Amino acid sequence: MRAAVRQVADGTYLVHGPSTNWVILTEGDAVTLIDTGYPGDRERLLDSLAQVGSSPEAVTAVLITHAHNDHLGSAQYLRATHGTPVYAHEAEVPHARRDFLHQVGVGQVLRNAWRPGVAPWAVHALRAGGTADVAVTAPEAFPAPGPLDLPGRPVPVPTPGHTDGHCAFHLPGSAAVVSGDALVSGHPTSRIRGPQLLPDMFHHERAAALDSLDVLAKLDGDLLLPGHGPVHEGSVRDAARLARERAQ
């Protein structure tokens, strides 16, 4: 299974899994991996590293926007197999350990099954490992609040709401923002195309998710690399504002 890898800037790649994206940042032989897709995306994840001339052994760190199964899927695999550290916002660390789970439940999915796209999405999520045990045994909080000393020099930007510790990453060197699920450009359960919030059932706290759009609107960048949907080329500020307008 081949991954769909798109180079969006020097050393910056957005990778599309079947329904979830991840980002690869390269610097020489070293790599930062932001998110890892579903457990079922592992073959594609490893293929995406090979396509950019790298390997799992070269991954300096895994950064997690948030600890839902479709983003955390292979983090523990990389940690256990290659000793790769897994970093998240301090509020998301216990979520990644599975001390608790803030993720859409079966009941919520069933109540929304009449909506277009929900049933096919749910079937795919189950087949890809949406309910699998992907707990990370020793996730760590980011070692510094500013630019991380990792390939790509990502800057963590707390964007709570989707989960309590959701975090986007600003890439000033690439004029890009990795937005995770705080701001997406599409989803199988949405009929909207372009910048948007995910449907309400996916957010742990929708009001906070709306406020986080205002945080993203303060970031300079002309590339939005979302957790779901295609790359959005254009002002990240305008994209966040449009998503807020659509969510009203």
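Every heavy atom of this structure was used, including side-chain atoms; hydrogens, water molecules and symmetry mates were not. No experiment lies behind these values; they were computed from the predicted model shown.
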### Query
If you look at every heavy atom in Thr163 and His204, which pair is closest and at what distance?
CA-CB, 4.2 Å
#### Entry: Residue pair Arg206, Asp211: steps toward the salt bridge (charged side-chain N to carboxylate O under 4.0 Å, His left out) verdict
CA-CA 9 Å; Arg206 186 179 185 274; Asp211 290 343; over 6 Å; no
#### Entry: Joint cluster assignment, Val86 & Leu78, ILVMFWY side-chain distance < 4.5 Å
yes
### Task
Could you tell me whether the side chain of Val118 reaches within less than 4.5 Å of the side chain of Met201, counting heavy atoms only?
yes
### Task
Go through the steps to decide whether Arg241 and Asp214 satisfy the test salt bridge (charged side-chain N to carboxylate O under 4.0 Å, His left out), and finish with yes or no.
CA-CA 7 Å; Arg241 290 172 176 168; Asp214 296 335; over 6 Å; no
### Query
Can Arg6 and Glu233 be counted as an ion pair, charged N to O under 4.0 angstrom?
yes
### Task
Identify which one of Leu225, Thr65, Val155, Thr159 satisfies the side-chain contact (heavy atoms from CB on, under 4.5 Å) criterion when paired with Phe169.
Thr65
#### Entry: Side-chain donor-acceptor contact under 3.5 Å, Ser19 with Trp121
no
### Task
Verify the distance criterion only: is there a donor paired with an acceptor across the side chains of Glu92 and His95 at less than 3.5 Å?
yes
### Task
Kindly indicate, with the supporting measurements, whether the criterion side-chain hydrogen bond (donor to acceptor under 3.5 Å, both in side chains) is fulfilled by Thr189 and Arg115.
CA-CA 8 Å; Thr189 64; Arg115 297 180 183 277; over 6 Å; no
#### Entry: Pair Asp35, His66: side-chain N/O donor-acceptor within cut-off below 3.5 Å
no
### Query
Judged by modelled atom types alone, do Ser185 and Gln196 share a side-chain donor-acceptor pair under 3.5 Å?
no
## Note on the structure
Nearest heavy-atom approach of Ala128 to Tyr38 is O-CB, 3.4 Å
### Query
What pair of heavy atoms forms the shortest contact from Pro226 to Leu14, and how long is it?
O-CD1, 4.1 Å
#### Entry: Ser74 and Arg42 side chains, donor-acceptor separation under 3.5 Å
yes
### Query
Does Leu148 reach the side chain of Leu63, with side-chain heavy atoms less than 4.5 Å apart?
yes
### Task
Identify the residue among His187, His68, His228 that makes a side-chain contact (heavy atoms from CB on, under 4.5 Å) with Phe202.
His187
